[in-house]
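Down below is the structure, laid out as structure tokens.
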Number of protein chains: 2
Amino acid sequence: MVDIFKALAEESRLRILSLLLEGELCVCEIEACLRMTQSNASRHLAALKKCGILESYKNAQWTYYKMNDAFIQQNKGLWEHLKDRLKVLPSYLLDCEEYRKCKAQGLCRQNKKPH
Amino acid sequence: MVDIFKALAEESRLRILSLLLEGELCVCEIEACLRMTQSNASRHLAALKKCGILESYKNAQWTYYKMNDAFIQQNKGLWEHLKDRLKVLPSYLLDCEEYRKCKAQGLCRQNKKPH
DNA sequence: TACGCTTATGAGCATTTACTCATATACTAT
DNA sequence: ATAGTATATGAGTAAATGCTCATAAGCGTA
């Protein structure tokens, strides 16, 4: 229990989760949307995965992270809280705007294969 | 949001909250039940109060802390989570046992006035 | 094979956090 | 008033955490 709260007790990690409410993203997309270094993005994602909040899979050179279904099933109250509150983070609208720009500009390799 | 998670990201503070599920307690009761120093108990309680999870009032020389009703009202999902999970903390049964001992032995002054 | 892109991680450093010890304040009862 | 109890908090220290820079490993394409 305390491990989950430790993972949630960091603003950058909450911003990551707010983006992942909409679906999965790879590390470089998160890095771009949140304007953080590759190193930081990777480490924060690893921390969220380690405590079970996120899961990941690899496709080609990309690692995709998304909410862990088991976490959602096993933490319904907390998940309701997160779904509501992550969307009212002060940074949320700006981060979403960056996400749209990234998608429009085709960041990461432009010709990713579907998966 | 992050301030609340920071406050919850500490095992001693979760144990304090688990005791306060049942009702209010003064600092020296928490200190005794959780076998922590007076200084630590006071500081952890102050941290939980500062972010709005707890509220407190004074009566004679005692300060009583309890869950903040406004927090419960405004964080229903998180509160459901806490109510469930605090009771399955590894330390919970032992801490409750200490609480019963404290009450039986009349710790704090034995002749507290009702309030 | 060689190169570029993506990701993970080691090392060093700065900041934050939690702890202990000491002390100050406030209240009660004698 | 004086002593005892309860609480809060300053100072110093040790541990944990997050950041940057550098590097290594994996994968795809030319």
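Lettering of chains follows the sequences in order, A, B, ..., and the numbering in each one begins at 1.
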Selection: residues 4-23 of chain A, any non-hydrogen atom under 4.0 Å of DNA chain C = none
Taking OP1 and OP2 of C/dT6, is either one under 4.0 Å from a side-chain nitrogen or oxygen of A/Tyr65?
-> no
A/Ile53 to A/Ala7 - nearest heavy-atom pair and separation | CD1-CB, 4.2 Å
Contacts satisfying salt bridge (Lys or Arg N to Asp or Glu O under 4.0 Å) that involve residues 41-66 of chain A (not counting sequence neighbours) are none
Would you please confirm or rule out a distance under 4.0 Å between OP1 or OP2 of D/dT17 and any side-chain N or O of A/His44?
-> no
Can you pull the salt bridge (Lys or Arg N to Asp or Glu O under 4.0 Å) pairs that have at least one residue in residues 81-95 of chain A, sequence neighbours excluded?
-> A/Arg15-A/Asp95, A/Glu22-A/Lys87, A/Arg35-A/Asp95, A/Glu80-A/Lys83
Expected output: side-chain A/Asn40 to main-chain A/Met36 donor-acceptor under 3.5 Å = no
Flag yes if B/Tyr57 and B/Leu17 sit in one hydrophobic cluster, no otherwise; membership is Ile, Leu, Val, Met, Phe, Trp, Tyr, and two members link when side-chain heavy atoms are under 4.5 Å apart.
-> no
Quick one: side-chain contact (heavy atoms from CB on, under 4.5 Å) partners of A/Ala9, sequence neighbours excluded?
-> B/Phe5, B/Lys6, B/Ala9
With sequence neighbours left out, what residues match A/Lys103 under side-chain contact (heavy atoms from CB on, under 4.5 Å)?
-> A/Glu29, A/Tyr99
Contact summary for A/Leu8 and A/Leu82, nearest pair of heavy atoms | CD2-CD2, 4.3 Å
Under 4.0 Å from any atom of DNA chain D, heavy atoms only: list the residues of residues 34-43 of chain A that qualify, in numerical order.
-> A/Thr37, A/Ser39, A/Asn40, A/Arg43
